[in-house]
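Here the structure is laid out as structure tokens; the discussion comes afterwards.
Please read these numbers as outputs of a predicted model, since none were measured by experiment. Just so we're on the same page: letters track the sequence lines, and every chain starts at 1.
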2 protein chains.
Amino acid sequence: MNESEKVFLDYIQSKGLKFTPERKAILNHVFESHGHFEAEELLVDMRKSNKRVSKATIYRTLALLVKSGLLREVIFGEKHAHYEHVYGHEHHEHLVCIKCGKIIEFSDERIEKYQDEICLENKFKAESHRFQIMGYCEDCEEE
Amino acid sequence: MNESEKVFLDYIQSKGLKFTPERKAILNHVFESHGHFEAEELLVDMRKSNKRVSKATIYRTLALLVKSGLLREVIFGEKHAHYEHVYGHEHHEHLVCIKCGKIIEFSDERIEKYQDEICLENKFKAESHRFQIMGYCEDCEEE
DNA sequence: CTACGTGCAAATGGTTTGCACATAC
DNA sequence: GTATGTGCAAACCATTTGCACGTAG
């Protein structure tokens, strides 16, 4: 059993839920691969590898993975959600190319400090944040 | 004719579009009131003031208002979009309470500086950005 | 006069849900 | 054994669209 399975199993059990083959398959598929992905993409991808799970189960499991802290939902301005790994990855922010859709990640510890200051000023208790810059990547430079 | 009408009219005409009573009514309703709002809310609100416009026209006009630079679309993690005034308002960021939904605005010129630095490093041309901190407001402080 | 806009109702599309059957524990 | 999960298809719901009719310029 790998590390992400342990984390997930802990969560599952702490909630009195079951570690089904479907959940295991989705978990492993998610953590075997790529960074950002969408629900539909995951479904298609799993079909290709002959891991057939229903769309409903994909959605239900993704919600659990988010709650367990293994995944995060990211929204880039489209209608559908994207997901990215939290487990094993440093927190980072996104540059989103509004022409080709490319996502560039960056991280900067100043943002965390800054968040603390803002929260102090506003008597706010931060849980998470999201910093996205929308624009044009090198290849899509306007005009 | 007020200032926001002038801006909108300029945009409308520059695109060869028409300044219809429906568009005028929506524009005025939007700029007479509140900060954040949703499409549905605007519709209901206008009905109350006996300004009846179809849902389709609301959506079509909101899109124009965004393109003209008068409004901005903001997404707070729910499924439906929120809109806020750009015209006549300083750029700002949001603290979003994940319990009561309250939105606190803040602005800080350091964010713009960060953005410039990050973009330089990543050869990216920024058009806009979004910085949101999700957490608990003073009244909803966890536990 | 005619290109553009409107209202309506139907279509869309990602996501969620009800239900009958299956299974982890 | 029983609470939880799964797959399926139907439901949801914000938003978009096709179309016949209306109107700004």
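A:Ile75 places its CD1 atom 13 Å from the C1' atom of C:dT15, with the value rounded to the nearest Å. Atom C1' of nucleotide C:dG5 and atom CZ of B:Arg60 are separated by 7 Å, given to the nearest angstrom.
At least one side-chain heavy atom of A:Ile26 sits under 4.5 Å from a side-chain heavy atom of A:Leu42. In this structure the side chain of B:Val66 never reaches within 4.5 angstrom of the side chain of B:Arg72, judged on heavy atoms.
Other residues, nucleotides and ligands place more than 12 heavy atoms under 6.0 Å from the CD atom of B:Glu78.
Summarising the geometry of B:Leu43 relative to B:Ser54, their closest heavy-atom pair is CD1-C, 4.2 Å, with the distance given to 0.1 Å. Summarising the geometry of A:Ser68 relative to A:Val7, their closest heavy-atom pair is O-CG1, 4.4 Å, with the distance given to 0.1 Å.
Between A:His92 and A:His94, the angle of the ring planes goes over 60°, which puts this pair in the perpendicular group of the 30/60° scheme.
For DNA chain D, none of the residues of residues 39-49 of chain A falls under the heavy-atom distance limit of 4.0 Å. Proximity of residues 51-58 of chain A to DNA chain D (heavy atom under 4.0 angstrom from any strand atom) is restricted to A:Arg52, A:Val53, A:Ser54, A:Ala56, A:Thr57.
End-to-end axis angle of the helix from C:dC1-D:dG25 to C:dC25-D:dG1, using five pairs per end and rounding to 10°, comes to 40°.
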Test salt bridge (charged side-chain N to carboxylate O under 4.0 Å, His left out) applied to B:Glu117 and A:Arg110, step by step: CA-CA 12 Å; B:Glu117 286 179 36; A:Arg110 282 178 301 177; 2.9 Å; yes

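The ring-ring contact (aromatic ring centres under 6.0 Å, His included) test applied to B:His80 returns B:His82, not counting sequence neighbours. Annotation: ring-ring contact (aromatic ring centres under 6.0 Å, His included) contacts of A:His29 (sequence neighbours excluded): none. For A:His89, the ring-ring contact (aromatic ring centres under 6.0 Å, His included) partners at least two apart in sequence or on another chain are A:His85. With sequence neighbours left out, the ring-ring contact (aromatic ring centres under 6.0 Å, His included) criterion links A:Phe37 to A:His34, A:Tyr83.
Judged as a salt bridge (Lys or Arg N to Asp or Glu O under 4.0 Å), the pairs with a partner in residues 93-104 of chain A (not counting sequence neighbours) are, in order, A:Lys102-A:Asp139. For the salt bridge (Lys or Arg N to Asp or Glu O under 4.0 Å) condition, the pairs that include at least one residue of residues 1-13 of chain B, sequence neighbours left out, are B:Glu3-B:Lys6, B:Glu5-B:Lys24. Residue pairs meeting the side-chain hydrogen bond (donor to acceptor under 3.5 Å, both in side chains) criterion with at least one partner in residues 43-52 of chain B, sequence neighbours excluded, do not occur; the list is empty.
Position along DNA chain D of the nearest nucleotide to B:His80 versus A:Thr61 favours A:Thr61 as the more 5'-ward residue.
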Got a list of protein N/O to nucleotides 22-25 of chain C N/O distances below 3.5 Å?
residue: C:dA24; atom: N3; partner: A:Lys18; partner atom: NZ; Å: 3.1
residue: C:dC25; atom: OP1; partner: A:Phe19; partner atom: N; Å: 3.1

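Side-chain N or O atoms of A:Glu41 include one that pairs as donor or acceptor with a backbone N or O of A:Glu38 at under 3.5 Å.
Where DNA chain D meets chain B (any atom under 4.0 Å from a heavy atom), the bounding nucleotides read 5' to 3' are D:dA14 to D:dG25.
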